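Encoded as structure tokens, the structure appears first; notes follow it.
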There are 2 protein chains.
Amino acid sequence: MVDVARRARVSLKTVSRVVNREAGVAADTAERVCAAIEALGFRRHDGAAHLRSGSTTASVGVVLMDVADPFYSALTRAVEEVAIGHGFLVFAGSSDEDALRERQLALALCARRVDGLLVVPAGTDQRYLRAEVAAGTPVVFVDRPGVGISADAVLVDNAGGVRAAVEHLAAHGHRRIAFLGDTPAIYTARERLRGFEHGMAAIGRPDPRLIEMGPHTPRSVQAALHRFRSERHPATALVTGNNRITVLALRALAAMRGWHPAVIGFDDLELADLLRPSLTVIEQDASELGRIAAELLFARIAGDRRPIRRVVLPTRLVPRGSGELKR
Amino acid sequence: MVDVARRARVSLKTVSRVVNREAGVAADTAERVCAAIEALGFRRHDGAAHLRSGSTTASVGVVLMDVADPFYSALTRAVEEVAIGHGFLVFAGSSDEDALRERQLALALCARRVDGLLVVPAGTDQRYLRAEVAAGTPVVFVDRPGVGISADAVLVDNAGGVRAAVEHLAAHGHRRIAFLGDTPAIYTARERLRGFEHGMAAIGRPDPRLIEMGPHTPRSVQAALHRFRSERHPATALVTGNNRITVLALRALAAMRGWHPAVIGFDDLELADLLRPSLTVIEQDASELGRIAAELLFARIAGDRRPIRRVVLPTRLVPRGSGELKR
DNA sequence: TTGTAAGCGTTATCAG
DNA sequence: CTGATAACGCTTACAA
């Protein structure tokens, strides 16, 4: 910027004025400055500007599980959309369900002075964010609530969704319903299991042998399904706890001949409607989740000091065929 | 930091030493400083540190088409992985195939002084990046080459993949092969069309009535398929130009009774193997694309001054059934 | 082992 | 309308 000033034969401040489109610069002076900027290929250093002005960095950080998972990538995209609308940029990182990585990412983002943080907690303790929140960085948790810290959270009705799925299967005559969930270390997995147990309790006693929590691999899913099938009273229906598990289960089922349980998956899949039978799912709206969380975050960034909020979005059962197979 | 220094009754520099784990600080002094840091909830301002030290911002920018598209989200994840390995953070943004947005994103990223830029060009002119490259910010183009600027590019063999698909269909007796591609404004769409035409030229003359380029909507795809079917000599096989179009085409085909052309899609789909018939695809490795591009970028960031490189990754035909249907 | 002074690139303040 | 000077929070260079 000094170079530009020298070349345009004006002071530093005048260049700054031109760059920031401040009023009160003579047209010909501005002209000269612009020419110098052009000639020197000058580009303002945003970081330095923020440092001095103490203004915002116009960026938000997002820590999620895995950008490559369709659920989280849809969420990220929605956040990005809201951010762009506010003239903000998005820093994103995947924790890969690793508490340490979540923490490192979140703190690194804070050290960069992001104006706000959106976090899908992987670990079971977010106390490390207390200092940041106290220092004024708004944090909004998405998909799962933060633990050990009071902050906004935007979630979906996990339990209600699974419960509705169980009721739906029961209405089609099923009593031997199996559940294939993710590791109970994950909040959503616990909630979905709870919904399953509630739903089952309404039609009798849930059979623990028909419940298998993760983490799952293709092999573990395959093994669980074989067990469900070889029970004295085999399962006639299956509820899967997330889109990863649904895919593994469908693949394993396709390889098993002569057993066709009804299936309902948690979270939609892109080609679900093209499978035969089409896949019935418990739909959760990742975009909406991201949009609402981002808007809440921007409200906080803008100074909203209202009490902590916990928003729970509904889930919706989408019957397509696989969940309507009779017992 | 001054506050910490005051509280610990040491100089600014000593605090800096402790924060940066520099050697040569007495244990008890360090102790006192740490206590002060703890008490005041001090967190270093990375931006200020970079400003003075002139060091890197330890961040890279990624401008792509749409993070929510599985192809690009897999790519993003791979980039992230490489970045984390280097201790870098990733700024990502979607251009949504809009040239203006691509430009704004890229320049905003540069103003933040990212150490390098990974760009999937949406527009047809990347000259606006010349100044940045001249100023020393390495740029690597991914999936599509940049125009009007000399920079590295990591691409896949689009034409070769489609050509192989056509040959594969021809080997199964097909001559009336239709192509449903994306808008020719997109480099990859043009390349894939070129591959199609080459492939067709080898088995006769390509029929322009069996080619329909985008942009596509569910309706346009439906209409195109109906035309392909109602030709005097209906198409017996179909090649789709990307994963979005493949999904639209499969959905439209499922709604059309009595016509079952062989289908090969460009780019894999998560449930492709579970469809009936299973979907034959031209596979491109998004993760590998992202990984290689990121590694090239980090090499440039590290000072690699070798000549501009253009890397072209192979594509691979994955026969699963839909592409092996006889005429 | 610790401290002082200068300066990174920008904007704020206040004077001409 | 324009400019000199200080300051943002930190690190570097050099002393003590």
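Lettering of chains follows the sequences in order, A, B, ..., and the numbering in each one begins at 1. Every value quoted in this text rests on a predicted model; they were computed, and no experiment measured them.
Judged by closest nucleotide on DNA chain D, V10(A) is the one of V2(B) and V10(A) placed further toward the 5' end. For V25(B) and F42(A), each mapped to the nucleotide of DNA chain C holding its nearest heavy atom, the one lying further toward the 5' end belongs to V25(B).
Between L12(A) and V4(A), every side-chain heavy-atom pair lies at or beyond the 4.5 Å cut-off. Using a 4.5 Å cut-off on side-chain heavy atoms (C-beta onward), T57(B) and R112(B) make no contact.
Residue D46(A) contributes atom CG, which lies 9 Å from atom P of dT10(C) at whole-angstrom precision. Following rounding to the nearest Å, E22(B) (CD) and dG3(C) (C1') show an atom-to-atom distance of 13 Å.
For R44(A) and dT11(C), the shortest distance from a side-chain N or O to OP1 or OP2 is below 4.0 Å. The shortest distance between the side-chain N/O atoms of S55(A) and the OP1/OP2 oxygens of dT11(C) is not below 4.0 Å. Side-chain N/O atoms of T14(B) include none lying less than 4.0 angstrom from OP1 or OP2 on dT2(C). Between T29(B) and dT2(C) there is a side-chain N or O to OP1 or OP2 distance below 4.0 Å. A sub-4.0 Å separation between OP1 or OP2 of dT11(D) and a side-chain N or O of S53(B) is absent.
When distances run from any side-chain atom of S16(A) to the nucleotides dT10(C), dT2(C), dT11(C), the shortest one goes to dT11(C). Taking every side-chain heavy atom of S11(B) into account, dT4(C) is the closest of dT4(C), dC8(D), dA4(D). Looking at the side chain of K13(A), the nearest of the listed nucleotides dT12(D), dT2(D), dT11(C) is dT11(C). Listed nucleotides dT11(D), dG9(C), dT10(C) differ in distance to M1(B); the shortest reach to its side chain belongs to dT11(D). Candidate nucleotides dT11(C), dC10(D), dG9(C) were compared by shortest atom distance to the side chain of A49(B), and dC10(D) ranks first.
At the heavy-atom level, G54(B) lies nowhere under 4.0 Å from the strands shown. Among the heavy atoms of the strands, none lies under 4.0 Å from R113(B). N20(A) comes within 4.0 angstrom of the backbone, heavy atoms only, and of no base.
For the residue pair D143(A)/Y72(A), the side-chain donor-acceptor check at 3.5 Å is satisfied. Q104(B) and Y128(B) are not linked by any side-chain donor-acceptor pair at a separation below 3.5 angstrom, with hydrogens and angles left out of the test. A donor-acceptor pair shorter than 3.5 Å cannot be found between the side chains of T188(A) and N158(A). Side chains of S94(B) and E80(A): a donor on one and an acceptor on the other come within 3.5 Å.
Taking five base pairs at each end of the helix from dT1(C)-dA16(D) to dG16(C)-dC1(D) and finding the rotation axis that steps the C1' atoms of four pairs onto the next four gives two axes whose angle is 30°, to the nearest 10°.
In this model, no side-chain donor or acceptor of R52(A) finds a partner on the base of dA12(C) within 3.5 Å. A donor N or O paired with an acceptor N or O is found under 3.5 Å between the base of dT2(D) and the side-chain atoms of R17(A).
Using a cut-off of 4.0 Å between Lys/Arg side-chain N and Asp/Glu carboxylate O, R101(A) and E81(B) are scored as salt-bridged.
If you take CG on L40(A) and CE on M1(A), they are separated by 12.5 Å, rounding to the nearest 0.5 Å.
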